[in-house]
Amino acid sequence: FAAFGTIGNVQRVTVTYSGSLSGPIGSRITVTEWQNIATSSAGDGSNTNTASAATSWTAGSITTVSDGDLIWAVAVETAAGPAITSWTAGTNFTLLNTDTQDTTSRGCTEFWQQATHGAINAGLTVSAASDGCMLAWALKTATAGTSPDAGIRVQNERRRRLRLTD
């Protein structure tokens with residue numbers, strides 16, 4: 001489940017997972033900074049999907065209604081299994097970050113700007129057949145935020161790991 005809102009000019013995405021866990025697993029939170037995302041009613045669709053012992057993962061189809069959406073997706077390994085040593089972004093997507101070192105919470109994020117509205121199914125490939133969950137959100141674009149200063153700019157990125165248990 002994903003809910004979108006704003007805190008000032010900051011988009012808030014809330015993700016709630018409900019289900020059973022087969023022992024303790026790790027989870028991840030990744031926060032990224034984007035400019036020109038709508039500051040109200042930003043959500044243009046979301047979906048989630050699970051993979052079981054697979055190397056090809058997808059989030060499930062989203063049908064967007066606005067042109068120019070940012071499609072942002074996150075994938076997390078959900079069970080101990082073969083070591084994922086690499087992630088390959090799906091068609092048109094760019095990897096934003098990856099983690100192959102954390103043995104309880106391997107994961108990655110990817111993004112793409114969809115020029116024309118329509119159906120999209122974010123996907124990626126992992127190096128070893130594993131269980132996982134992939135979530136994707138479509139965020140509407142708009143003129144919003146403060147333009148970065150000239151010169152070098154680091155977009156903020158924060159990752160945190162949580163340990164979940166039954």
Out of curiosity, [X] [atom1] to [Y] [atom2], how far, rounded to the nearest 0.5 Å?
X	Y	atom1	atom2	result
T109	W72	OG1	CH2	5.5 Å
D69	T64	CG	OG1	5.0 Å
L139	Q114	CG	CD	11.5 Å
D44	I71	CG	CD1	7.5 Å

* What side-chain hydrogen bond (donor to acceptor under 3.5 Å, both in side chains) pairs are there with at least one residue in residues 51-63, not counting sequence neighbours? ->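 Those involving residues 51-63 are N49-T58.
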Side-chain donor/acceptor of [X] to backbone N/O of [Y], under 3.5 Å:
X	Y	result
Q113	G68	yes
D67	H117	yes
E110	G90	yes

* To do: Decide yes or no on side chain to side chain contact (heavy atoms under 4.5 Å, CB included) for W137 and V74, but give the supporting numbers first.
  => CA-CA 9 Å; W137 296 270; V74 61; 3.7 Å; yes
* Begin with the C-alpha distance, continue with both residues' side-chain angles, and end with the deciding distance and a verdict on side chain to side chain contact (heavy atoms under 4.5 Å, CB included) for I120 and F93. => CA-CA 11 Å; I120 179 66; F93 282 80; 4.2 Å; yes
* To do: Report yes or no: do I62 and F111 belong to one cluster of Ile/Leu/Val/Met/Phe/Trp/Tyr joined by side chain heavy-atom distances under 4.5 Å?
  =>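 Different clusters: I62 never reaches F111 through Ile, Leu, Val, Met, Phe, Trp or Tyr contacts under 4.5 Å.
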Donor-acceptor pairs under 3.5 angstrom involving side-chain atoms of residues 121-135: please list them, not counting sequence neighbours.
{"from": "N121", "atom 1": "OD1", "to": "G60", "atom 2": "N", "distance (Å)": "2.9"}
{"from": "S127", "atom 1": "OG", "to": "T85", "atom 2": "N", "distance (Å)": "2.7"}
{"from": "S127", "atom 1": "OG", "to": "T85", "atom 2": "OG1", "distance (Å)": "3.1"}
{"from": "S127", "atom 1": "OG", "to": "S86", "atom 2": "N", "distance (Å)": "3.2"}
{"from": "S130", "atom 1": "OG", "to": "A128", "atom 2": "O", "distance (Å)": "2.9"}
{"from": "D131", "atom 1": "OD1", "to": "A53", "atom 2": "N", "distance (Å)": "2.8"}

* Could you pull out all residues at least two apart from N92 that satisfy side-chain contact (heavy atoms from CB on, under 4.5 Å)? => W112
* Apply the test side chain to side chain contact (heavy atoms under 4.5 Å, CB included) to residues T78 and T50: give CA-CA distance (whole Å), side-chain angles for both, the deciding distance (0.1 Å), then the verdict. => CA-CA 9 Å; T78 58; T50 58; over 6 Å; no
* Residues two or more places apart in sequence or in another chain: which of them pass side chain to side chain donor-acceptor pair (under 3.5 Å) with S66? -> none
